[in-house]
Amino acid sequence: MSEDEGSIPSRRQLLKGLGTGAAAALLAGCGQRPRPTETPAPTPERTPGPTPTWPPPEAADYGTVVDVVEAGADPDGGSPINPVLDEHGGNDTLLLFPSGEYLVDDFWELREFEHFGIIGDGAVVRPPDGYSGYLFGFGLNDRAVDLHFEGITFDITAPDTGVRPLHASIEDGLYVNDVSVRGLHDTDQDSFRFDVTSPDGEGLVENLRMPDGGVPQYLITACYVGDISVGKLTFRDCHIAGFPDNGIYASQAKGPVHVIGGLFENNNISNVRVSSDAVVRGVTVRSTEAIDGFNNVRGIRLRSGRNILVEDCDVEFSDVLRSGG
């Protein structure tokens, strides 16, 4: 096995090492989960870090730094901020989101760039009530290098609201940290997607929190990695719970996908699903709730391939409607 935890990059390693240069699933039955009144089980315990500073130290790494409120964005959620994003998104640019609520009323995408970031400080982004599309898209089918996305909570608590908060297909230097989704996903729209599109590229997604899940009648995937992902992608210390079509669904990826630490609960089809090459280490999987319509709950699924290592993981099934194993 050529990959181990020692080779998984930290955020600083990623930033300093940069160059410039749904699939088959089984689901039967339907139903409606009640909308959560509060966020369920907490994320796994992590060693507290230093108190965040504002503006963050990463601002020194960018040629252009824009406080979106100073640039005209409404921090009270009254008017959409898409025009501010259109005006200021670009190369070697960091957008800072101070504490507040920001309305993104349509899909905003930045397809081709080098060195772009969004960092929030207690910032909440919400779509219009009843929206079921994409919110942020980066790279997609064009050349994008070095994305830093951090400190944003997506609010989908309104009824009939469920979005793809972030779709990032990045050649190298994909970094996502401290991102949360608040609210039950109750529309026919998958959630996050991440791809590392260069064989030499690397990406890290850490502290992604999706505790409220989705309704059983839609095949909603919490976090998908597609077949265009050919570089190395690591998920670290994430919390994903209650999704009807996989928690982390990475068996289509062509490049290595590692899942290190984290808590995955009550996800249908599989909680963590990988192919080759992969390391799944220190992960906790729990099935504690027999959800109507979740008819094939499984723990860690090794879909196919070779060079797959699973170690030091805890899998607990205390209550489940049905499981294929």
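- Interatomic distance, Ile220 CD1 to Gln189 CD, rounded to the nearest 0.5 Å: 9.0 Å.
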Dump the intermediate steps for side chain to side chain contact (heavy atoms under 4.5 Å, CB included) on Val181 and Asp212, then the final yes or no. CA-CA 8 Å; Val181 177; Asp212 294 333; over 6 Å; no
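- Residues satisfying the ring pair (Phe, Tyr, Trp, His ring centres under 6.0 Å) test with His88, not counting sequence neighbours, are none.
- A search for ring pair (Phe, Tyr, Trp, His ring centres under 6.0 Å) contacts involving Tyr102 returns Phe97, not counting sequence neighbours.
- The backbone N or O of Thr157 lies less than 3.5 Å from a partner atom in the side chain of Asp155, making a donor-acceptor pair.
- Taking CG of Leu94 as the start and CD1 of Ile118 as the end, the distance is 8.5 Å to the nearest 0.5 Å.
- Residues His239 and Pro211 share a closest heavy-atom pair of CE1-CB, 3.9 Å.
- In terms of the side chain to side chain contact (heavy atoms under 4.5 Å, CB included) criterion, residue partners of Ser79 (sequence neighbours excluded) are, by chain and number, Asp74.
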Full working for salt bridge (charged side-chain N to carboxylate O under 4.0 Å, His left out) between Asp312 and Arg281: CA-CA 6 Å; Asp312 296 332; Arg281 177 181 290 122; 5.3 Å; no
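- How far CD of Gln217 is from CG of Asp188: 9.5 Å, rounded to the nearest 0.5 Å.
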Take Asn207 and Asp178 through the side-chain hydrogen bond (donor to acceptor under 3.5 Å, both in side chains) test and state the conclusion after the steps. CA-CA 5 Å; Asn207 305 320; Asp178 190 24; over 6 Å; no
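- No donor-acceptor pair closer than 3.5 Å links the side chain of Asp237 to the backbone N or O of Gly261.
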Could you go through Thr161 and Asp129, starting from their C-alpha distance and side-chain angles, then the distance that decides it, and tell me whether this counts as side-chain hydrogen bond (donor to acceptor under 3.5 Å, both in side chains)? CA-CA 6 Å; Thr161 304; Asp129 293 358; 5.1 Å; no
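- Ring planes of Phe149 and Phe154: parallel class, angle under 30° (limits at 30 and 60°).
- For Glu70, there are no side chain to side chain donor-acceptor pair (under 3.5 Å) partners at least two apart in sequence or on another chain.
- Side chains of Asn266 and Thr288: a donor-acceptor N/O pair is present below 3.5 angstrom, by distance only.
- Side-chain contact between Pro75 and Pro98: absent, with no pair of heavy atoms (C-beta onward) separated by less than 4.5 Å.
- Checked by atom type, the side-chain pair Arg273/Ser251 shows a donor-acceptor distance below 3.5 Å.
- Remark: Phe136 CZ to His167 NE2 distance equals 14.5 Å, nearest 0.5 Å.
- Screening residues 82-110 for salt bridge (charged side-chain N to carboxylate O under 4.0 Å, His left out) gives Glu101-Arg126, Glu109-Arg111 as the qualifying pairs, with residues at least two apart or on separate chains.
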Starting from the C-alpha separation in whole Å, work towards a yes-or-no answer on side chain to side chain contact (heavy atoms under 4.5 Å, CB included) for Ile170 and Asp172. CA-CA 6 Å; Ile170 307 297; Asp172 187 25; 5.8 Å; no
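- Between Leu140 atom CG and Ile228 atom CD1 the span is 8.5 Å, to the nearest 0.5 Å.
- Residues in residues 215-231 take part in no salt bridge (charged side-chain N to carboxylate O under 4.0 Å, His left out) pair, two or more places apart or across chains.
- Counting heavy atoms from C-beta outward, Ile300 and Cys313 have side chains that approach closer than 4.5 Å.
- Taking CD1 of Ile248 as the reference point, atom CZ of Arg301 lies at 15.5 Å (rounded to 0.5 Å).
- Residues passing the side chain to side chain donor-acceptor pair (under 3.5 Å) test with Ser198: none are found, sequence neighbours excluded.
- In terms of modelled atom types and a separation under 3.5 Å, the side chain of Asn267 and the main chain of Gly242 share a donor-acceptor contact.
- Under the 4.5 Å side-chain criterion, counting only non-hydrogen atoms from C-beta, Tyr218 is not in contact with Asp186.
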Worked verdict on Asp245 versus Asn268 for side chain to side chain contact (heavy atoms under 4.5 Å, CB included): CA-CA 6 Å; Asp245 187 33; Asn268 197 40; over 6 Å; no
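- Closest approach of Ser191 and Pro165 over heavy atoms only: OG-CD, 3.4 Å.
- Residue Pro127 comes nearest to Leu135 through the heavy atom pair CB-CD2, 4.0 Å, listed as atom of the first residue, atom of the second, then distance.
- With a 4.5 Å cut-off on side-chain heavy atoms, Phe264 and Val283 count as touching.
- Here the side chain of Asp67 pairs a donor or acceptor atom with the backbone of Val69 at under 3.5 angstrom.
- The shortest distance between side-chain heavy atoms of Leu309 and Val280 does not fall below 4.5 Å.
- Checked against side chain to side chain donor-acceptor pair (under 3.5 Å), Ser180 has the following partners two or more places apart in sequence or in another chain: Arg209.
- Among residues two or more places apart in sequence or in another chain, the ring pair (Phe, Tyr, Trp, His ring centres under 6.0 Å) test is passed with Phe192 by Phe194.
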With side-chain hydrogen bond (donor to acceptor under 3.5 Å, both in side chains) as the criterion, how do Tyr175 and Glu150 come out once you've worked through the C-alpha distance, each side chain's angles and the decisive distance to 0.1 Å? CA-CA 8 Å; Tyr175 181 68; Glu150 181 173 0; 4.9 Å; no
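- Under the 30°/60° scheme for interplanar angles, the aromatic rings of Phe116 and Phe138 are found to be tilted.
- Partners of Val196 according to the side chain to side chain contact (heavy atoms under 4.5 Å, CB included) rule, which considers only residues two or more places apart in sequence or in another chain, are Leu174, Ser229, Leu233.
- The backbone N or O of Asp277 sits nowhere less than 3.5 Å from a side-chain atom of His258 that would complete a donor-acceptor pair.
- For the pair Glu114 and Asp146, the minimum side-chain heavy-atom distance is 4.5 Å or more.
- Inter-residue side-chain proximity for Leu302 and Val310 is flagged as met; some heavy-atom pair is nearer than 4.5 Å.
- Remark: side-chain polar atoms of Ser287 are not paired, donor with acceptor, to backbone N or O of Phe317 under 3.5 angstrom.
- Under the 3.5 Å distance criterion, the side-chain polar atoms of Asp190 are matched with a main-chain donor or acceptor of Thr221.
- Contacts of Arg193 classified as salt bridge (Lys or Arg N to Asp or Glu O under 4.0 Å), with partners at least two apart in sequence or in another chain: Asp195.
- By the 4.5 Å heavy-atom criterion applied to side chains, Val125 and Thr153 are not counted as neighbours.
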Ser132 vs Val163, test: side chain to side chain contact (heavy atoms under 4.5 Å, CB included). Steps then yes/no. CA-CA 5 Å; Ser132 61; Val163 300; over 6 Å; no
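- Partners of Tyr131 by ring pair (Phe, Tyr, Trp, His ring centres under 6.0 Å), not counting sequence neighbours: none found.
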